[in-house]
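This report concerns only the one structure given below.
First listed ligand is number 1; within each ligand, the first listed atom is number 1.
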Amino acid sequence: MRKRIVAGNWKMNKTYEEALSLVSEIDNMVRDEVNGDVTVIVAPPFPFLQSVGKLTQGNDLMHLAAQNISEHDSGAFTGEVSASMLKSVGTEYVIIGHSERRMYHHEDAQTLYKKLKAAIAQGIKPIFCCGEPLEERDADRHFEYVGKQLHDSLSYLSNEEFDQVTVAYEPIWAIGTGRTASSQQAQEMHAYIREQLSRMFDAEAAHNTSILYGGSCNPSNAQELFAQPDVDGGLIGGASLKSRDFTDIIKSF
Ligand code: PGA
């Protein structure tokens with residue numbers, strides 16, 4: 001069964017106290033207002049993972065994600081955080097391949113593949129991001145571009161490994177810009193992604209994979225986006241930092 005998912009990517013925002021009050025507010029609102037048919041994920045910065053995870057432990061709808069993971073298991077990799085470390089503090093999901101990591105940290109397809117493997121080996125579920133820059137869309141090469149991103153990092157996984165993966169389509173021109181993809185643009189890309197996945201993996205796995213939309217998703221546009229047949233939820237940046245907006249997005253299914 002395809003899961004409905006709303007994930008909040010906090011990026012490099014909030015102090016410890018602010019993070020705890022944000023997650024407490026979200027936790028309370030989700031308990032009071034959200035029915036049981038949605039998976040809510042919060043991805044705070046590394047130092048807050050354990051405390052945020054503890055606060056949401058009693059809430060079955062809420063799950064903990066990291067924003068990054070090392071492709072290495074352990075050893076002399078200063079500043080890196082391994083899959084087993086993340087697992088040991090209760091991390092269930094990890095965002096891999098976000099455009100900001102591809103761009104500012106030069107993470108290439110091969111590195112992302114290794115990160116996918118490292119996460120899955122520890123039982124952490126990857127949220128794999130893909131999405132084209134504006135010039136690729138303007139040149140009408142967006143399908144090809146995203147297809148290549150999927151192929152270059154995901155296609156080497158086994159069917160069993162792929163079963164653990166959620167995909168997020170995040171057109172770069174829509175991230176943090178206030179310019180959302182239209183529901184039609186999102187749907188046609190999500191359908192294309194699902195078709196590509198069905199060529200790489202078995203058809204049932206592709207059918208059951210949740211594909212999230214990300215890029216200026218907010219309480220006013222979430223309902224229309226989530227109503228599309230191949231849009232199974234959202235990966236939310238800016239609006240996930242406000243408990244009311246994030247909860248309203250969760251309630252948009
Ligand atoms: P945004 O970010 O919602 O602020 O556009 C989305 C993301 O980068 O995951």
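- Of all atoms in ligand 1, numbered sequentially from 1 with element shown, those under 4.0 Å from a heavy atom of I175 are 2 (O), 5 (O), 8 (O).
- Taking any N or O of T177, backbone or side chain, none lies under 3.5 Å from an N or O belonging to ligand 1.
- For the pair E33 and R244, the salt-bridge criterion is met [side-chain N within less than 4.0 Å of a carboxylate O].
- Looking at R179, E100, K11, it is K11 that brings a heavy atom closest to atom 8 (O) of ligand 1.
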Name each donor-acceptor pair under 3.5 Å that joins a side chain in residues 68-80 to protein atoms two or more places apart or in another chain, with its distance.
from	atom 1	to	atom 2	distance (Å)
N68	OD1	K115	NZ	2.8
S70	OG	H72	N	2.9

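- If you look at A239 next to ligand 1, there are no close heavy atoms at all, none under 4.0 Å.
- Between T180 and A174 the shortest heavy-atom distance is CA-CB, 4.3 Å.
- A donor-acceptor contact closer than 3.5 angstrom links the side chains of T111 and D108.
- Residue N9 has at least one heavy-atom neighbour below 4.0 Å for each of these atoms of ligand 1: 9 (O).
- Against a heavy-atom cut-off of under 4.0 Å, G215 is close to the following atoms of ligand 1: 5 (O).
- Atom 5 (O) of ligand 1 has its nearest heavy-atom neighbour, among G214, G176, P171, in G176.
- Distance from atom 3 (O) of ligand 1 to its nearest protein heavy atom, with residue and atom name: G237 N, 2.9 Å.
- Between E107 and R102 there is no salt bridge, since none of the side-chain N atoms of the basic residue sits less than 4.0 Å from a carboxylate O of the acidic one.
- Of the protein's non-hydrogen atoms, the one nearest atom 4 (O) of ligand 1 is G238 N, 2.8 Å.
- The pair R4-D232 does not meet the salt-bridge criterion, since no charged nitrogen lies less than 4.0 angstrom from a carboxylate oxygen.
- Of the charged side-chain nitrogens involved, none lies within less than 4.0 Å of a carboxylate oxygen, so that E144 and K148 do not count as a salt-bridged pair.
- Proximity of A174 to ligand 1 is established by a heavy-atom distance of less than 4.0 Å.
- Side-chain contact, Q187 with Y192: no donor N or O sits under 3.5 Å from an acceptor N or O.
- Nearest non-hydrogen protein atom to atom 7 (C) of ligand 1 is E170 OE2, 3.1 Å.
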Next item on the list: Evaluate the criterion salt bridge (charged side-chain N to carboxylate O under 4.0 Å, His left out) for residue pair K125 and E92; output intermediate values, then yes/no.
Entry: CA-CA 6 Å; K125 299 183 184 76; E92 297 164 88; 5.7 Å; no
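- Distances below 4.0 Å separate heavy atoms of H98 from the following atoms of ligand 1: 7 (C), 8 (O), 9 (O).
- In summary, the atoms of ligand 1 found under 4.0 Å from a heavy atom of S216, numbered by their order in the structure, are 1 (P), 3 (O), 5 (O).
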